[in-house]
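Below is one structure, written out as structure tokens, with a few remarks after it.
The analysis underlying the following values was restricted to heavy atoms, covering all of them including side chains, and did not include hydrogens, waters or symmetry mates. On a predicted model such as this, the values are computed, not experimentally measured, just so you know.
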Amino acid sequence: MAGGQNTEGDANPSQPAPDTTLADFGPVKKPKRNRYVLACATLASMTSVLLGYDVGVMSGASIYIQYDLINISDLQVALLVGTLSLYSLVGSAAGGWTSDWIGRRYTIVMAGAMFFVGSILMGFATNYAFLMVGRFVAGVGGGYALMIAPVYTAEVSPASSREFLTSFEKVFNSAGILLGYVSNYAFSKLPTHLGWRFMLGIGAIPSVFLVLFGLVMPESPRWLGMQGRLGDARKVLDKTFYSKKEYQQRLSDIKEAAGIPQDCNDDDIDVQKQSHGLGVWKELLVDPTPSVRHILICGIGINFFQRASGIDAFIYYSPGIFEEAGIKSSNGSSLLATVAVGFTKTVFNLVASFLLERIGRRPLLLSSVGGMVLSLTTLGFGLTMIDHHKSDKKPQWAVALSIAMVFANVSFFSIGMGPITGVYSSEIFPSRLRAQGTSMGELVNKVTSEVIATTFFMLYEAITMGGSFFLFAGIAAVAWVFFFVCLPETRTSEDMDVLYDSYIEWWSALKDKQKKDVSGENGGQIQMGGTVELEEHSSYGEVHPMLDPEADRSI
């Protein structure tokens with residue numbers, strides 16, 4: 001490793017540490033994964049299975065619920081399916097306060113306990129109101145899980161593996177959706193009044209394991225430090241950080257955040273509760289700088305288009321889409337096809353975890369959305385051709401094309417648009433604005449999801465199923481243009497102010513800055529070449545660029 005780095009196993013004590021040069025950002029050996037951190041991140045991310053299961057299982061259970069509770073309307077079924085987004089938003093909003101109060105670990109336990117109660121209530125529901133109460137409790141628990149998984153993982157992970165490990169949340173969420181689809185198919189053979197109850201009630205089982213796992217997990221070192229439990233925080237850091245330099249930096253940041261003097265090494269310290277976020281909303285909404293305004297537009301825009309492009313129609317209503325394409329539900333074939341959709345989504349989310357750093361956010365996002373435009377357009381065409389043949393004999397080429405395009409769209413979404421939205425919106429906000437900025441994006445995301453999930457059945461009744469996907473294709477096309485024009489890459493930190501000060505001309509501003517850097521007008525540093533090397537280094541070492549250098553280390 002270049003001089004000045006003190007990573008264990010790489011430092012050379014026989015050579016003096018020179019001043020930092022461009023060579024310091026050259027290729028370095030990739031450190032081994034810390035198995036303890038991997039285990040902690042995996043257990044935390046498993047909480048995302050809860051919300052994923054609730055999403056997936058309701059897509060099939062709602063069909064049997066309407067058959068069994070014959071007095072409920074299509075609108076009530078749509079509300080049962082779609083309101084999960086709002087319920088989970090309640091849990092996510094409360095999760096920040098709860099995790100600061102009782103800790104990250106016990107928030108995971110609470111999420112599992114609430115989902116257990118909600119699943120039992122839904123499984124034993126005797127009427128629609130009873131069912132909605134259980135849906136609310138489980139949804140709030142799922143919202144807690146959705147919020148706490150990436151927070152806990154980020155706080156126990158070294159910078160070199162943080163992005164890889166935080167992507168686990170999306171993978172496990174997709175795995176939960178897949179399990180919900182499998183549950184639908186497995187219990188579809190039972191009598192109607194029992195089938196949907198088993199589908200919903202069986203979700204209590206994984207929540208029990210998550211509660212037990214939560215009780216044995218270590219607490220987040222940042223939370224321990226904020227409580228003044230510095231000795232306990234050091235014990236966790238000893239197990240999770242293989243680099244002494246990063247260990248010291250993380251401990252220093254924890255002390256600074258908790259208001260503890262840097263020279264204090266006591267195990268227990270009385271700390272004062274600090275107020276956060278004063279003036280943040282004013283800076284975001286009332287009097288934003290051009291850079292902050294651009295960041296806010298990007299953060300809200302990517303969250304809006306992620307849901308407005310119609311992914312919730314595939315997640316919640318895939319059995320109906322397959323039926324429209326010609327796959328009958330009487331023998332469970334549409335539910336089996338839905339299981340394949342869940343499997344596809346999980347696999348491509350896993351692939352995306354490895355591609356985010358290798359390819360970058362912007363190229364992967366544009367490729368993903370471009371593929372979605374093509375697949376949605378083709379799906380709309382195929383379903384329209386099927387709809388024009390009212391007889392039982394549907395054109396087999398259109399059936400095959402429509403089914404293929406369902407899988408294609410889910411694949412394109414899961415490899416780019418799905419996982420990148422959360423990563424991108426968290427990276428672009430500076431640390432002082434990140435909590436409020438990302439929460440605004442999440443609010444837009446959940447409200448849009450609620451609208452799509454609740455109104456989809458009314459939409460396709462008004463303009464046909466094929467017409468609905470033509471509409472989603474148009475929205476995805478607008479999204480591609482928005483992303484191409486407004487969203488720069490985020491993997492370099494030193495150019496972020498330039499990128500977001502310039503709105504749609506960000507690429508020209510970046511090009512001008514790089515020319516100045518090469519010519520030496522900005523301090524004589526060759527930033528253009530250094531930027532590329534820094535990106536490679538950030539995947540392996542301790543430099544993890546976000547909007548500002550302090551943002552990542554202070555998570």
Side-chain angles (χ1 to χ4, degrees), residues 52-67 77 81 173-190 192 195-196 198-200 202 309-351 371-372 374-387 389 392-415 418 452-453 456-457 460 464-466 468-469 472-473:
Y53 183 87
D54 208 8
V55 168
V57 76
M58 192 56 74
S59 67
S62 60
I63 299 173
Y64 299 95
I65 290 170
Q66 193 166 19
Y67 287 152
V77 172
V81 171
N173 184 262
S174 296
I177 294 175
L178 174 59
L179 289 175
Y181 292 158
V182 171
S183 177
N184 287 336
Y185 181 71
F187 296 111
S188 63
K189 307 301 182 182
L190 294 177
T192 301
W196 66 266
F198 272 95
M199 293 174 189
L200 299 176
I202 205 74
S309 54
I311 189 61
D312 291 285
F314 291 89
I315 294 175
Y316 288 111
Y317 297 101
S318 51
I321 296 172
F322 283 121
E323 287 183 40
E324 183 74 14
I327 299 180
K328 301 298 182 183
S329 62
S330 56
N331 59 0
S333 297
S334 63
L335 293 179
L336 186 60
T338 301
V339 172
V341 169
F343 179 78
T344 301
K345 189 174 189 299
T346 303
V347 169
F348 277 90
N349 262 319
L350 185 61
V351 172
M372 289 170 61
L374 178 62
S375 58
L376 286 167
T377 302
T378 309
L379 176 59
F381 172 74
L383 291 175
T384 300
M385 292 298 100
I386 292 173
D387 191 52
H389 289 74
D392 291 336
K393 190 175 182 181
K394 301 180 183 296
Q396 292 304 304
W397 67 267
V399 171
L401 181 65
S402 298
I403 294 172
M405 288 304 103
V406 170
F407 287 99
N409 185 72
V410 171
S411 301
F412 281 122
F413 176 87
S414 301
I415 205 168
I452 297 297
F456 179 67
F457 82 98
Y460 75 70
T464 74
M465 187 78 79
S468 300
F469 289 108
F472 291 142

Counterpart residues, side-chain hydrogen bond (donor to acceptor under 3.5 Å, both in side chains), relative to [X] (two or more places apart):
| X | value |
| --- | --- |
| Tyr53 | Ser183 |
| Gln66 | Asp74 |
| Asn409 | Ser375 |

For residues [X] and [Y], report the shortest heavy-atom separation together with the two atoms involved.
| X | Y | answer |
| --- | --- | --- |
| Pro319 | Ser59 | CG-O, 3.9 Å |
| Ala61 | Leu200 | CB-CD2, 4.1 Å |
| Ser62 | Val77 | CB-CG1, 3.9 Å |
| Thr344 | Ser411 | CG2-OG, 3.1 Å |

Apply side chain to side chain contact (heavy atoms under 4.5 Å, CB included) to the pair Leu376 and Met405, showing each step before the final yes or no. CA-CA 7 Å; Leu376 286 167; Met405 288 304 103; over 6 Å; no
Straight-line distance of [X] [atom1] to [Y] [atom2], nearest 0.5 Å:
| X | Y | atom1 | atom2 | value |
| --- | --- | --- | --- | --- |
| Ser309 | Ile452 | OG | CD1 | 8.5 Å |
| Glu324 | Ser318 | CD | OG | 14.0 Å |
| Ser188 | Trp196 | OG | CH2 | 16.0 Å |

Using modelled atom types and a 3.5 Å cut-off, is there a donor and acceptor pairing between side-chain atoms of Thr192 and backbone atoms of Tyr64?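 No; zero donor-acceptor contacts below 3.5 Å.
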Donor-acceptor pair, Asn184 side chain versus Gly56 backbone, under 3.5 Å?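 Answer holds: yes.
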Could you work out, with ring-ring contact (aromatic ring centres under 6.0 Å, His included) as the rule, every residue matching Phe314, not counting sequence neighbours? Phe469
List for me each residue that meets side chain to side chain contact (heavy atoms under 4.5 Å, CB included) alongside [X], sequence neighbours excluded, and say none if there are none.
| X | value |
| --- | --- |
| Phe343 | Leu178, Val347 |
| Ser414 | Lys345, Phe348, Asn349, Val410 |
| Ser402 | Ala325, Leu379, Leu383, Ile386 |
| Phe413 | Gln306, Ile311, Met372, Met417 |

Could you tell me how the ring of Phe456 sits relative to the ring of Tyr317: parallel (under 30°), tilted (30 to 60°) or perpendicular (over 60°)? tilted
For Phe407, does the CZ atom have more than 12 heavy-atom neighbours from other residues, nucleotides or ligands under 6.0 Å away?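 It does: Phe407 CZ has more than 12 such atoms within range.
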Ring center gap for Tyr181 and Tyr185 short of 6.0 angstrom: no
Which one of Thr338, Val399, Leu335 satisfies the side-chain contact (heavy atoms from CB on, under 4.5 Å) criterion with Phe322?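 Result for side-chain contact (heavy atoms from CB on, under 4.5 Å) with Phe322: Thr338.
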Passes side chain to side chain contact (heavy atoms under 4.5 Å, CB included), Ile202 versus Val57? Steps please. CA-CA 10 Å; Ile202 205 74; Val57 76; over 6 Å; no
Please step through side chain to side chain contact (heavy atoms under 4.5 Å, CB included) for the pair Leu401 and Thr378, ending with a clear verdict. CA-CA 8 Å; Leu401 181 65; Thr378 309; 3.6 Å; yes
Salt bridge (Lys or Arg N to Asp or Glu O under 4.0 Å): which pairs involve residues 310-321, sequence neighbours left out?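 For residues 310-321, and leaving out neighbouring residues, the salt bridge (Lys or Arg N to Asp or Glu O under 4.0 Å) pairs sorted by first residue read Arg307-Asp312.
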